[in-house]
Amino acid sequence: MKAYDIVIIGGGPAGLAAAVSARKNGIDSVLVLERDKELGGILNQCIHNGFGLHTFKEELTGPEYAARFIAQAKELHLEYKRNTMVMEISPEKVVTYMNRTEGMQQIQAKAVVLAMGCRERSRGALNIPGYRPAGIFSAGTAQRLVNMEGYMPGREVVILGSGDIGLIMARRMTLEGAKVKVVSELMPYSGGLKRNIVQCLDDYGIPLKLSHTVIDIRGKERLEGVTLAKVDEGGKPVPGTEEDYTCDTLLLSVGLIPENELSNGMGIEMNRVTSGPNVNESLETSIPGVFACGNVLHVHDLVDFVSEEATAAGKNAAEYVRQNSGAACGLDGREVLPQKAAIELEAVAGVRYTVPKTINVERMTDKLTVRFRVGAVYKNCYVSVYFDEERVIHKKRPVMAPGEMEDIRLDKAKLLEYPDLKKITIQIEEA
Amino acid sequence: MYDVMIIGAGVSGAAAARELSRYKVNACVVEKAEDVCCGTSKANSGIVHAGYDAVAGSLMAKLNVEGNEMMGDLAKELDFPFQREGSLVVCLQEENRPGLQELYDRGVQNGVKDMRILERGEVLQMEPNISEEVVAALYAPTAGIVCPFGLNIAMAENAYTNGVEFKFNTEVKQIEKIDGGYRLVTDKGDFETKCVVNAAGVYADVFHNMVSGKKIHITPRRGDYQLLDKAAGTHVNRTVFALPNRKYGKGVLVTPTTHGNLLVGPTAIDVDNPEGTNTTAEGLRELTEKAGLNVKNLPMRQVITSFAGLRAHEDNHEFIIEELVDAPGFIDCAGMESPGLTSAPAVGKMVADILQQKMHFERNPDFNGTRKGILNPATLSIEERDELIKKHPAYGNIICRCEMISEGEILDAIHRPLGAKSLDGVKRRTRAGMGRCQSGFCAPRTMEILARELQVSMYDITKSGGDSNIVVGTNKDLL
């Protein structure tokens with residue numbers, strides 16, 4: 001069986017950054033497996049700008065951002081395969097993939113980086129009643145049709161969900177000549193970035209209806225219209241608030257779900273909140289030597305943070321390979337170094353989850369970024385971090401919203417001052 | 001002039017067509033939709049019922065048991081997914097136990113084999129996710145699950161291969177009695193035939209009443225369903241029915257599907273509109289409430305889609321399969337509600353027998369009753385699959401990532417007899433687009449393949465025929 005030091009599943013922004021980082025950290029034997037016909041993943045259809053402000057200090061489009069990483073990958077002579085579907089990964093890190101030219105192949109990896117990204121939540125998951133005509137698209141599917149293939153999915157558009165792709169597509173459809181009538185959001189706040197609401201809706205006069213949802217879909221063949229209604233605090237439609245919209249297109253931007261079918265197949269421990277794997281400070285999953293980064297780990301708002309996270313995952317995978325490449329460790333996927341019990345991170349009081357979930361102080365970087373999301377809109381509140389019972393961080397944030405990922409940095413030096421620390425709690429506190 | 005025209009390419013029409021193709025007969029199926037299996041046959045529970053439900057002595061009871069018995073061999077001959085995994089009717093209250101016994105007794109009368117009434121412990125051992133409140137259950141090992149599309153498509157393909165003509169996108173508007181037969185007035189012209197088989201599902205009463213003075217009436221009875229992700233596919237391993245009771249009525253079933261999903265449904269809501277396949281909020285709510293009664297911890301978070309189908313409920317709740325006394329040569333195949341899918345093989349045979357006795361067709365010496373389905377590469381070993389891809393590289397190109405369907409399977413679906421012409425046609429034949437992302441990723445790619453292979457423009461690709469076009473123009477074309 002052919003063997004690689006590191007096999008990276010997915011050649012989108014996460015996979016590319018992880019691969020580049022692994023190579024820069026001294027690993028020659030790296031393979032990237034990509035299912036689509038191009039590297040770059042979903043960035044290829046994100047032709048709007050706003051990418052790269054953190055990473056490159058300039059504003060790029062999605063394809064431009066991807067191109068920077070693809071160029072690096074090529075410069076480093078990274079090996080990659082496109083149009084290649086990974087069918088299965090065993091807990092022992094045997095990767096089974098297939099493509100047109102090689103047929104079915106199995107390779108042994110010393111370390112695996114999971115970077116499969118996410119998919120869009122479909123209409124079915126929302127239980128929206130009504131007919132099932134043509135003309136209902138997830139926002140990303142419409143984005144691919146318009147931006148990559150040049151086809152208009154429709155003329156008169158209603159958008160359900162104010163996730164970033166939905167907001168971006170409201171603007172795109174308008175620019176391409178469609179009439180976007182309304183964006184309806186079930187929650188009392190938007191699921192997208194503030195800047196996208198301003199630049200994609202406000203600038204084009206597209207109304208955003210918060211606490212509204214689609215309660216009926218009409219049209220047997222092609223979509224003919226939808227009914228919106230206001231919802232109460234429990235998310236239930238309020239009778240008497242129904243409004244009919246004529247439209248031939250309904251775009252859904254109602255959430256993204258990490259694509260962890262391969263991870264589940266490996267038996268990796270998953271997190272119910274993120275739908276991604278639980279990881280430690282090294283972004284390593286419950287299977288030693290299997291790392292996760294990007295949207296397969298937890299859904300991000302900004303690709304810059306995906307790159308940052310994936311760079312860390314690539315570096316950590318390289319470190320894992322180095323530490324485990326002694327003849328004695330073999331390829332049984334078991335860690336050889338003795339480990340100190342990890343410190344648990346607990347998300348409470350408004351904090352929905354943290355990535356990572358555990359920290360081994362010895363293995364953490366000097367400054368470790370902990371990313372999290374909040375469960376509601378908080379104004380002038382504090383992010384507090386407790387080391388066991390002691391509050392060690394108390395930082396004011398003017399606004400926090402579920403649509404914007406938050407982070408805090410933990411200092412290794414500070415953690416070392418607490419040798420008996422068991423638990424770090426992150427929570428939101430009122431002023 | 002045709003010998004026989006069959007109205008409707010659903011499971012009953014296809015079954016009749018296939019059985020007729022055993023004879024030298026000039027037969028044609030007319031279907032208003034663009035494909036086979038577009039009405040009731042595509043939206044149902046996919047259950048092969050054991051046969052204890054129907055009233056003893058009824059045609060329903062007879063054809064159910066016969067159809068059930070035929071299904072195993074037919075699945076082998078025609079290569080469609082069928083599993084005889086058994087069913088349980090769950091009784092939750094001691095006082096309802098007589099109801100269970102009644103079903104058992106009726107089953108015995110109807111000729112259902114090997115049924116047993118199981119006590120609580122045995123039920124929970126068999127299906128650990130059945131409600132803790134279970135007191136007993138009727139176990140029917142002869143029950144099973146079938147791919148409803150697979151069965152319908154297989155029979156239609158086989159009928160076509162054996163010489164039956166199919167006209168799609170052809171809607172019958174009027175039926176006129178003429179000398180020696182009937183004239184079918186359609187939106188694609190008039191056709192004359194000696195005999196008519198009325199397998200028009202929820203419209204069967206309309207056609208019946210055009211030729212007969214003895215009117216029948218069919219009510220479209222809607223059933224809403226929810227389909228769960230494959231991750232929930234083994235929550236139960238057999239079909240679990242509720243024992244009908246006073247408090248909750250008929251209840252809903254929970255079943256694995258032949259594709260590996262979990263299906264919950266149906267509701268039973270009478271509607272006026274024979275096209276009214278829209279789910280409703282009340283219907284979906286009812287499913288969630290009722291399904292949880294018999295099966296615990298149902299992971300309703302994992303619903304990937306909801307849909308509704310219409311049962312053709314005839315006022316007397318009985319199949320009507322007969323030549324009309326006042327319309328010779330007009331054979332009804334009406335009132336085909338549950339267990340219509342199970343009964344289909346027997347229904348087809350019964351219709352063909354009626355016609356044969358009337359018309360004395362000769363045997364078709366070239367009849368070939370076997371058909372090979374679309375290859376499912378997931379059933380192959382790694383080595384076999386490798387070899388397949390080396391021979392046909394399209395099998396190495398995954399199009400639908402959720403269901404892992406390759407371009408090879410989609411090409412087969414398009415180019416085989418009565419091949420797929422739309423996204424739904426591809427979906428029903430291969431499962432591409434049927435998975436957890438509900439075609440978000442693969443729809444544009446499947447559209448490209450359809451356009452290329454059928455040599456039509458992307459604008460002509462539809463979801464399901466008619467005006468269900470998916471893209472409407474190019475960027476900025478109206479600016």
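This structure is a prediction, so every number in the text was calculated from the model and none was measured. Chain identifiers are assigned alphabetically (A, B, ...) following the order of the sequence lines, protein sequences preceding nucleic acid strands; residue numbering begins at 1 within each chain.
Side chains of A/Met152 and B/Thr474 form no contact here, defined as non-hydrogen atoms less than 4.5 Å apart. Considering only heavy atoms from C-beta on, B/Arg385 comes within 4.5 Å of A/Met87 through its side chain. Residues B/Gln438 and A/Arg121 fail the side-chain proximity criterion, which asks for heavy atoms closer than 4.5 Å.
In this structure, no portion of B/Gln302 lies under 4.5 Å from any heavy atom of chain A. Neither the backbone nor the side chain of A/Thr249 comes within less than 4.5 Å of any heavy atom of chain B. For chain B, no part of A/Ile257 is nearby; none of its heavy atoms comes within less than 4.5 Å. For A/Gln106, the part sitting under 4.5 Å from any heavy atom of chain B is the side chain, from C-beta outward, and nothing else. For a residue to count as touching a neighbouring chain, one of its non-hydrogen atoms must lie under 4.5 Å from one of that chain's; by this rule A/Met85 touches chain B with the side chain only. Interface remark: B/Glu387 contributes no atoms to any contact with chain A (heavy atom separation under 4.5 Å). With a 4.5 angstrom heavy-atom cutoff, A/Arg144 touches chain B only via side-chain atoms. Of the atoms belonging to B/Tyr459, it is side-chain heavy atoms, and not backbone ones, that fall under 4.5 Å from chain A. In this structure, chain A has heavy atoms under 4.5 Å from both the backbone and the side chain of B/Asp467.
When every heavy atom of A/Gly103 is checked against every heavy atom of B/Ile389, the shortest pair comes out as CA-CG2, 3.7 Å. Summarising the geometry of B/Ile470 relative to A/Phe137, their closest heavy-atom pair is O-CZ, 3.3 Å, with the distance given to 0.1 Å. Counting all heavy atoms, side chain and backbone alike, A/Ala134 lies closest to B/Ser468 at CB-O, 3.2 Å. The nearest pair of heavy atoms linking A/Arg119 to B/Cys437 is CD-CB, 3.7 Å. Residues B/Gln226 and A/Asn127 come closest through the heavy atom pair NE2-OD1, 2.7 Å. Residues A/Met104 and B/Ile382 come closest through the heavy atom pair CG-O, 3.7 Å.
To the nearest 0.5 Å, the span separating OH on A/Tyr151 from CD1 on B/Ile461 amounts to 9.5 Å. In this structure, CZ in A/Arg132 is found 8.5 Å from OG in B/Ser306, a value given to the nearest 0.5 Å. Note: A/Leu145 CG to B/Met458 CE = 6.5 Å, rounded to the nearest 0.5 Å.
Of the listed residues B/Thr305, B/Asp424, B/Leu388, the one with more heavy-atom pairs under 4.5 angstrom with chain A than any other is B/Thr305. Options B/Leu479, B/Val472, B/Asn475 differ in how many heavy-atom pairs under 4.5 Å they form with chain A, and the most are formed by B/Asn475.
Between B/Arg401 and A/Asp36 there is no salt bridge, since no side-chain N of the basic residue sits under 4.0 Å from a carboxylate O of the acidic one. Ion pairing of B/Arg436 with A/Glu261 is present here, as a side-chain N (NZ or NE/NH1/NH2) and a carboxylate O approach within less than 4.0 Å.
In terms of modelled atom types and a separation under 3.5 Å, the side chain of B/Lys463 and the main chain of A/Gly135 share no donor-acceptor contact.
A 6.0 Å sphere centred on NZ of A/Lys236 holds no more than 12 heavy atoms belonging to other residues, nucleotides or ligands. The number of heavy-atom neighbours closer than 6.0 Å to CG of B/Asp272, taken from other residues, nucleotides and ligands shown, is 12 or below.
Among residues 212-229 of chain A, the residues having any heavy atom closer than 4.5 Å to a heavy atom of chain B are, in sequence order, A/Lys220, A/Glu221, A/Arg222.
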